[in-house]
Amino acid sequence: MARKSGKIKGLNIRTGPNTSRNVILALFADDATVFLSEDDKPSELWEILDEWCEASGAKFNKPKTVAIPVGSTDYQRQLRLSGKLNPDHDDSEKLDAFDILNILMDGEATRILGAFLGNKTSAEQKWNTVVEKITTSLERWNNHHPTMIGRRLIAQMIVGGMTQFLTRAQGMPEKVERRLAQIAWRFIWNIPTGSPPIINDFLFAPFVEGGLAALDLSARVEAIDLIKL
């Protein structure tokens, strides 16, 4: 409806030297991302969405909606100050009039389909939430006193499973990679601090060579990067 209504202009995004694409809406499962130009009016967008919700039985959670300003630095600044896509629009078009209270500042990011997007965010910042979740999950597993083989499987499941998508989508900075690798081998060895009793090559080696075939995070990140080529 938003694409076909003719009321929403959307954003024209350059896809090549001489090509561009107009984008209005991206949907996946229960996530929706809407692209609005400075000429678009939130009132017309929500009129369309409210009609669609009434017909489909779905419901948009407006207070959870996040706005990411795009465009020039001056435009982004005026959007944050005025709360309007266009300074010439009247106050009824302010985003907070539609319960959109969160306009991201520089350095802030929001999660969209597992990736973290925002303006002037650092690569490490996007990983902070993931690292915290991994640490918390491993601490919870540690309370069950698993064996070393169990710890190897848990590290593979938690550290490997919770980082794969974001690594594929946005890459893993070396600093984060080193931190997560340390978290993984310390969990496997069950030592909260200090160095491993023997070199970690033992952990990564296959069973037939006397190793544990544990997750080699560096090798996996390299493999994911190669897939992108």
Legend entry - Partners meeting side chain to side chain contact (heavy atoms under 4.5 Å, CB included) with Glu54 (sequence neighbours left out): none
Legend entry - Within residues 188-208 or reaching into it, pairs that qualify as side chain to side chain donor-acceptor pair (under 3.5 Å) - sequence neighbours excluded: Arg151-Asn190, Trp189-Asn200
Legend entry - Close side-chain approach of Pro42 and Ile100, heavy atoms under 4.5 Å: no
Legend entry - For Leu117, all residues meeting side chain to side chain contact (heavy atoms under 4.5 Å, CB included), sequence neighbours excluded: Ile68, Ile112, Gln170
Inset, instruction - Provide the closest heavy-atom pair for Phe204 versus Leu215 in the form atom of the first, atom of the second, distance. - result: CE2-O, 3.1 Å
Legend entry - Spatial distance of atom CD (Glu38) from atom CG (Leu79) [nearest 0.5 Å]: 10.0 Å
Legend entry - Hydrophobic cluster membership, Leu81 vs Val70, 4.5 Å side-chain cutoff: no
Pair up each side-chain donor or acceptor in residues 121-129 with any protein partner under 3.5 Å, not counting sequence neighbours, and list the distances.
residue : atom : partner : partner atom : Å
Ser122  : OG   : Gln125  : N            : 3.1
Gln125  : NE2  : Gly107  : O            : 2.4
Trp127  : NE1  : Gly171  : O            : 3.1

Legend entry - Distance (rounded to the nearest 0.5 Å) between Thr33 OG1 and Ile24 CD1: 14.0 Å
Legend entry - Derivation of the side chain to side chain contact (heavy atoms under 4.5 Å, CB included) call for Asp40 and Leu45: CA-CA 8 Å; Asp40 291 320; Leu45 169 66; over 6 Å; no
Legend entry - Validation row: Leu104, Val66 side chains within 4.5 angstrom (heavy atoms): yes
Legend entry - Pairwise side-chain contact, Ile188 with Met148, heavy-atom cut-off 4.5 Å (strictly under): yes
Legend entry - Within-4.5 Å side-chain heavy-atom neighbours: Val159 and Leu138: yes
Inset, instruction - State which residues pass side chain to side chain contact (heavy atoms under 4.5 Å, CB included) with Thr73; sequence neighbours excluded, sorted by chain then number. - result: Arg77
Inset, instruction - Take Asn22 and Leu11 through the side chain to side chain contact (heavy atoms under 4.5 Å, CB included) test and state the conclusion after the steps. - result: CA-CA 6 Å; Asn22 195 67; Leu11 294 180; 5.8 Å; no
Legend entry - For Thr19, all residues meeting side chain to side chain donor-acceptor pair (under 3.5 Å), sequence neighbours excluded: Thr15
Legend entry - Pairs involving residues 156-167, ordered by first then second residue, that meet side chain to side chain donor-acceptor pair (under 3.5 Å) (sequence neighbours left out): Thr163-Arg220
Legend entry - Heavy-atom closest contact (Phe202 atom, Gly210 atom, distance): CE1-O, 2.6 Å
Inset, instruction - List the steps and the verdict of salt bridge (Lys or Arg N to Asp or Glu O under 4.0 Å) for Arg111 and Asp31. - result: CA-CA 11 Å; Arg111 185 170 180 170; Asp31 278 352; over 6 Å; no
Legend entry - From Phe35 atom CZ to Leu25 atom CG, the distance as rounded to the nearest 0.5 Å: 8.5 Å
Inset, instruction - Determine whether Val176 and Ile224 fall in the same hydrophobic cluster, where Ile, Leu, Val, Met, Phe, Trp and Tyr are linked whenever their side-chain heavy atoms lie under 4.5 Å apart. - result: no
Legend entry - Over all atoms of both residues, closest heavy-atom pair of Ala115 and Ala169: CB-CB, 4.4 Å
Legend entry - Donor-acceptor contact present, side-chain Asn102 to main-chain Thr65, <3.5 Å: no
Inset, instruction - Not counting sequence neighbours, which residues clear side chain to side chain donor-acceptor pair (under 3.5 Å) with Ser82? List them please. - result: Gln78
Legend entry - ILVMFWY cluster, Ile183 and Leu166 together (side-chain gap under 4.5 Å): yes
Legend entry - Residues Asp90 and Lys84 bridged, charged N to O under 4.0 Å: no
Legend entry - Whether over 12 other heavy atoms sit under 6.0 Å from Trp46 CH2: yes
Legend entry - Side chains of Met172 and Leu180 in contact at under 4.5 Å (non-hydrogen atoms): yes
Legend entry - Reported OG1-to-NZ distance for the pair Thr135 and Lys133, which is rounded to 0.5 angstrom: 12.5 Å
Legend entry - Check: Trp141 and Met157 side chains under 4.5 Å, non-hydrogen atoms: yes
Legend entry - Distance in Å, Gln76 CD paired with Ile103 CD1, rounded so as to fall on 0.5 Å steps: 11.5 Å
Inset, instruction - Work out which heavy atom in Phe207 is nearest to a heavy atom in Gly211; give both atom names and the distance. - result: CD2-O, 3.4 Å
Inset, instruction - May I ask you to decide if Asn86's main-chain N or O and Tyr75's side chain share a donor-acceptor pair within less than 3.5 Å? - result: no
Legend entry - Heavy-atom pair with the smallest gap, counting every atom of Ile158 and Ser137: CD1-OG, 3.4 Å
Legend entry - Cluster link Trp185 to Ile134, ILVMFWY, side chain under 4.5 Å: no
Legend entry - Check: Ile13 and Ser20 side chains under 4.5 Å, non-hydrogen atoms: no
Inset, instruction - For Asp96 and Gly83, indicate whether the former's side chain and the latter's backbone hold a donor-acceptor pair under 3.5 Å. - result: no
Legend entry - Single-linkage hydrophobic cluster, 4.5 Å side-chain cutoff, Val221 and Leu203 together: no
Inset, instruction - Keeping to residues at least two apart or across chains, list the salt bridge (charged side-chain N to carboxylate O under 4.0 Å, His left out) pairs with something in residues 168-192. - result: Glu174-Arg178
Inset, instruction - May I have all residue pairs that pass salt bridge (charged side-chain N to carboxylate O under 4.0 Å, His left out) and include part of residues 10-21, sequence neighbours excluded? - result: none
Inset, instruction - Not counting sequence neighbours, which residues clear side chain to side chain contact (heavy atoms under 4.5 Å, CB included) with Asn18? List them please. - result: none
Inset, instruction - Can you sort out the partners of Lys9 under side chain to side chain donor-acceptor pair (under 3.5 Å), two or more places apart, ordered by chain and number? - result: Asp39
Legend entry - Nearest non-hydrogen partners of Phe116 and Ala109, listed with the distance: CB-CB, 4.2 Å
Inset, instruction - Please tell me if the side chains of Ile191 and Pro197 come closer than 4.5 Å, counting only heavy atoms from C-beta onward. - result: yes
Inset, instruction - Return yes when atom CD of Glu222 has more than 12 non-hydrogen atoms of other residues, nucleotides or ligands closer than 6.0 Å, and no otherwise. - result: no
Inset, instruction - To the nearest 0.5 angstrom, please state how far the NZ atom of Lys120 sits from the CD atom of Glu108. - result: 13.0 Å
